[in-house]
Amino acid sequence: MKKNLFFLSIIGLALLSSCKSLEAPEQISCNPNPLTVVGNNVNAEITGTFPAKKFIKKGVLEVTPVLKFDGQEVLGETVTYVGEKAKVNGTIVNYANGGTYKQTFKCAYKDEMAKSELYLRFHATKGNKVYEIPDYKVADGIIATAKHASAKDNKGAVTGDKFQRIIKEMQEADIKFLIQQATLRDSETKSESVKNLQAAIKDANDAENKAISSLEVSGYASPDGGVSLNEDLAEKRQAAAQKYLANSLKKAKINADIESSVTAEDWEGFQRLMENSNIQDKDLVLRVLSMYSDPEEREAQIKNLSAVYKNIADEILPELRRSRLILTIDLIGRSDDEIARLAKEDPKQLSVEELLYAATLTNDKAEKLRIYNKTQELYPADFRAYNNAGLIYFEQGDVASARRAYAKALDIVPANPDVNYNAGVAALADGDLKKAEEHLGKAAGTSANLGAAMGTYYTMKGDYAKAKKSYGNTASNNAAVQQILDEDYAGARKTLAAVAEPNATTAYLQAVVAARTNDREGVYAGLRSAIAQDASMKAKAAKDIEFAKFADDQTFANIVK
């Protein structure tokens with residue numbers, strides 16, 4: 001804003017002078033004027049000059065800045081100026097040459113200060129004589145646009161459920177074959193693993209909460225012998241096992257498709273078994289596999305390791321002469337309606353994932369909170385219910401309860417970035433910048449909203465350069481506040497137009513931008529929209545010095561009255 005200059009009538013000061021002829025003092029100015037909130041403070045510097053041969057040698061002048069607002073006063077720090085022969089401590093003013101007057105004013109901002117005035121209050125004495133000097137106004141109002149940067153403009157980080165309605169389970173069984181054979185043996189088809197697989201197929205077919213997702217039969221041959229021979233063996237083994245499985249399904253009256261695949265030389269299985277074996281010199285065999293990719297070359301090199309090959313032939317290769325039966329089952333979870341009903345009637349029947357999921361099935365915040373609180377009761381070691389309950393409290397404006405909920409979550413997972421992010425935002429809402437910095441510093445790795453939260457932190461701290469960098473391309477009310485403070489009004493317009501969920505603050509800030517760019521109709525439109533969404537904006541706009549130039553405008557008066 002443009003700095004205005006004020007003139008101090010020095011009639012009172014003249015009483016300190018022994019001169020009969022009075023001269024006007026030099027200008028006194030306040031910077032900034034109007035006053036401006038930076039971070040959460042109002043700072044001003046007041047300067048001027050004492051004319052030559054006006055400040056009498058035994059005079060004492062105490063000057064105190066006074067901010068007057070709403071029937072209240074905030075006093076700044078008093079400075080004392082004294083003449084050359086005064087017996088009081090203070091800044092000495094030379095009689096012959098005069099001197100410089102300089103003083104600062106600082107106070108914490110409160111909303112009631114929006115409509116205010118800054119005065120200088122004087123206490124002038126010479127010996128025991130006191131001179132009356134009226135308070136003198138040096139600045140009007142406080143621009144508090146920075147205070148529109150709100151913690152509530154930052155999106156919370158939900159720690160979601162891992163609920164899956166359909167969970168896939170797999171069960172396998174191997175049918176082994178003799179070397180160079182594809183004939184099924186009773187000992188294999190009646191093995192425990194095959195029996196268990198058949199039972200699992202029947203259970204999946206009969207159970208209401210299960211379904212057969214897929215059945216597959218794969219035929220394999222060990223990687224010894226010729227490739228064409230192994231291909232034939234693998235195909236025959238697959239066909240024999242598939243026929244057996246199909247007959248088994250038919251007898252059980254189960255209708256399911258069977259998929260098939262063939263692996264002629266199972267080098268992958270060979271390597272896996274070798275790695276898990278205790279065969280001497282297995283590392284040498286594994287090195288051969290890594291050095292040669294041609295199957296015949298691999299086989300030849302391994303057979304050359306005569307001391308090792310006998311163990312391979314006895315322990316590894318028989319395991320690879322097989323067909324594998326693979327069953328994939330879909331475990332079907334409860335329906336949304338059933339989960340919602342149980343969350344109300346009997347939450348003990350639900351898993352923690354189901355309960356957390358239940359909270360997503362309603363838009364009623366009170367019901368969400370009830371579910372999260374019940375989850376905390378049933379599953380106290382799971383931090384997510386505490387964190388998500390904190391988000392509900394925060395949205396409802398209960399920051400104290402939100403911070404307590406986040407603290408409980410952090411007791412369980414102190415380093416969790418999402419919870420630290422939320423705790424940092426809640427600390428911002430309380431104006432606790434130290435705690436906010438601590439938590440946000442531990443939030444690395446959380447959502448992309450961290451940059452926006454750090455921007456809010458720096459705006460509230462008054463470090464606008466870092467705030468601008470942190471916001472980046474964020475399209476939010478807070479980012480627009482920063483652009484307004486930087487006097488980037490074109491950027492602020494663009495940002496406000498791109499806000500995903502515009503609200504009363506969005507419209508109000510659009511009016512502020514319009515006021516600063518002399519767009520009268522834009523001011524009216526923005527304020528009408530803001531007030532329609534939030535009636536409290538009317539009183540705010542009436543006192544906001546951003547709109548001072550429109551104070552005598554009848555249309556503006558009608559909008560804010």
Side-chain angles (χ1 to χ4, degrees), residues 1-10 12-13 24-51 55 61-82 90-91 93 98-124 133-149 431 433 458-467 481-482 484-487 512 515-516 540 543-549 551:
M1 300 292 288
K2 185 177 179 182
K3 181 174 72 175
N4 296 326
L5 299 178
F6 286 81
F7 297 89
L8 173 62
S9 173
I10 200 70
L13 288 179
E26 295 188 11
Q27 295 176 336
I28 286 182
S29 64
C30 180
N31 183 34
N33 184 25
L35 303 174
T36 303
V37 175
V38 178
N40 193 48
N41 294 314
V42 178
N43 296 282
E45 184 177 82
I46 310 160
T47 58
T49 58
F50 291 104
F55 205 107
L61 179 66
E62 296 176 349
V63 187
T64 305
V66 183
L67 185 70
K68 300 182 180 183
F69 60 96
D70 196 27
Q72 303 177 60
E73 292 184 346
V74 172
L75 303 181
E77 186 176 349
T78 299
V79 296
T80 302
Y81 290 91
V82 298
T91 301
V93 180
T100 299
Y101 160 69
K102 184 176 182 180
Q103 187 164 19
T104 59
F105 173 76
K106 179 178 181 179
C107 71
Y109 178 76
K110 297 191 295 186
D111 289 340
E112 307 95 283
M113 295 176 177
K115 192 171 185 179
S116 59
E117 296 170 315
L118 182 64
Y119 285 79
L120 294 181
R121 181 166 292 168
F122 305 98
H123 181 66
I133 304 176
D135 291 354
Y136 192 85
K137 186 170 73 172
V138 295
D140 276 308
I142 297 176
I143 296 175
T145 300
K147 299 299 290 183
H148 284 287
L433 297 187
Y458 285 122
T459 299
M460 290 182 171
K461 191 178 180 181
D463 191 339
Y464 297 155
K466 288 184 179 178
V481 168
Q482 184 55 50
I484 292 171
L485 298 177
D486 286 341
E487 299 183 3
V512 170
R516 290 199 177 196
K540 188 177 189 68
K543 295 181 178 181
D544 196 338
I545 200 168
E546 291 279 13
F547 306 115
K549 69 176 70 174

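Everything quoted here is computed from the prediction, not taken from an experiment.
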Asker: Roughly how far, to the nearest 0.5 Å, is OG1 of Thr78 from CZ of Phe122?
Answerer: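 It is 11.5 Å, given to the nearest 0.5 Å.
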Asker: State, yes or no, whether a side-chain contact exists between Thr145 and Arg516 at a heavy-atom distance under 4.5 Å.
Answerer: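 Answer yes - side chains close enough.
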Asker: Provide the closest heavy-atom pair for Leu35 versus Ala44 in the form atom of the first, atom of the second, distance.
Answerer: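 Where Leu35 meets Ala44 most closely, the heavy atoms are CD2-CB, 3.6 Å.
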Asker: Mind listing the closest non-hydrogen atom pair of Gly141 and Ile545 along with its distance?
Answerer: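 Looking at all heavy atoms of both residues, the shortest contact is CA-CD1, 3.6 Å.
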Asker: Closest heavy-atom contact between Val74 and Phe105?
Answerer: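 Heavy atoms only, the tightest pair is O-CE1, 4.0 Å.
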Asker: Would Leu61 and Tyr101 count as a side chain to side chain contact (heavy atoms under 4.5 Å, CB included) here? Give the steps.
Answerer: CA-CA 11 Å; Leu61 179 66; Tyr101 160 69; over 6 Å; no
Asker: Quick one: are Val138 and Tyr119 in side-chain contact, heavy atoms under 4.5 Å?
Answerer: no
Asker: Quick one: closest heavy-atom pair of Val37 and Tyr464, and the distance?
Answerer: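 Smallest interatomic distance, heavy atoms only, reads O-OH, 3.6 Å.
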Asker: Quick check for you: to the nearest 0.5 Å, what is the distance between Asn40 atom CG and Thr459 atom OG1?
Answerer: 13.0 Å
Asker: Which heavy atom in Ser116 sits nearest to a heavy atom in Leu67, and how many Å separate them?
Answerer: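 It is OG-CD1, 3.8 Å.
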Asker: Could you walk me through whether Asp111 and Lys540 pass the salt bridge (Lys or Arg N to Asp or Glu O under 4.0 Å) check?
Answerer: CA-CA 9 Å; Asp111 289 340; Lys540 188 177 189 68; 5.3 Å; no
Asker: Would you say Glu73 has more than 12 foreign heavy atoms packed within less than 6.0 Å of its CD?
Answerer: yes
Asker: Gln103 side chain to Glu77 main-chain N or O, any donor-acceptor pair under 3.5 Å?
Answerer: yes
Asker: For atom NZ of Lys115, is the number of surrounding heavy atoms from other residues, nucleotides or ligands below 6.0 Å larger than 12?
Answerer: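 Incorrect, the count does not exceed 12.
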Asker: If you compare all heavy atoms of Lys110 against all heavy atoms of Phe69, which two are closest, and at what distance to 0.1 Å?
Answerer: CE-CZ, 4.2 Å
Asker: Would you call Glu117-Lys137 a salt bridge at under 4.0 Å N-O?
Answerer: yes
Asker: Assess whether side chain to side chain contact (heavy atoms under 4.5 Å, CB included) is satisfied between Val512 and Phe547, documenting all intermediate values.
Answerer: CA-CA 8 Å; Val512 170; Phe547 306 115; 3.9 Å; yes
Asker: Under the side chain to side chain contact (heavy atoms under 4.5 Å, CB included) rule, what do Leu118 and Ile46 come out as? Steps first, then yes or no, please.
Answerer: CA-CA 10 Å; Leu118 182 64; Ile46 310 160; 4.2 Å; yes
Asker: Can you tell me how far CG of Asp135 sits from OG1 of Thr64, rounded to the nearest 0.5 angstrom?
Answerer: 9.5 Å
Asker: Under the side chain to side chain contact (heavy atoms under 4.5 Å, CB included) rule, what do Thr47 and Cys30 come out as? Steps first, then yes or no, please.
Answerer: CA-CA 7 Å; Thr47 58; Cys30 180; over 6 Å; no
Asker: Atom CD1 of Ile143 and atom OG1 of Thr36: how far apart are they, to the nearest 0.5 Å?
Answerer: 4.5 Å
Asker: Go through Thr100 and Thr49 one step at a time and tell me if the side-chain hydrogen bond (donor to acceptor under 3.5 Å, both in side chains) criterion holds.
Answerer: CA-CA 4 Å; Thr100 299; Thr49 58; over 6 Å; no
Asker: Assess whether a salt bridge exists between Lys106 and Glu45, defined as any Lys/Arg side-chain N lying under 4.0 Å from an Asp/Glu carboxylate O.
Answerer: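 Salt bridge flag = no for Glu45 with Lys106.
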Asker: Working to the nearest 0.5 angstrom, can you tell me the gap between Ile133 CD1 and Leu120 CG?
Answerer: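 Rounded to the nearest 0.5 Å, the CD1-CG separation comes to 11.0 Å.
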Asker: So do the side chains of Thr80 and Val82 get within less than 4.5 Å of each other, counting heavy atoms only?
Answerer: yes
Asker: Let me confirm one number: the OG1-CG distance from Thr104 to Asn31, rounded to the nearest 0.5 Å.
Answerer: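 Rounded to the nearest 0.5 Å, the OG1-CG separation comes out at 12.5 Å.
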Asker: State whether the number of non-hydrogen atoms from other residues, nucleotides or ligands found under 6.0 Å of Lys147 atom NZ is greater than 12.
Answerer: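 Counting neighbours around NZ of Lys147, more than 12 heavy atoms of other residues, nucleotides or ligands fall under 6.0 Å, so yes.
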Asker: Are any side-chain N or O atoms of Asp544 and backbone N or O atoms of Glu546, one a donor and one an acceptor, separated by less than 3.5 Å?
Answerer: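 Yes, Asp544 side chain to Glu546 backbone: donor-acceptor pair under 3.5 Å.
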Asker: Do Tyr81 and Phe55 have ring centroids that are under 6.0 Å from one another?
Answerer: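 Between Tyr81 and Phe55, which both carry aromatic rings, the centre distance is not below 6.0 Å.
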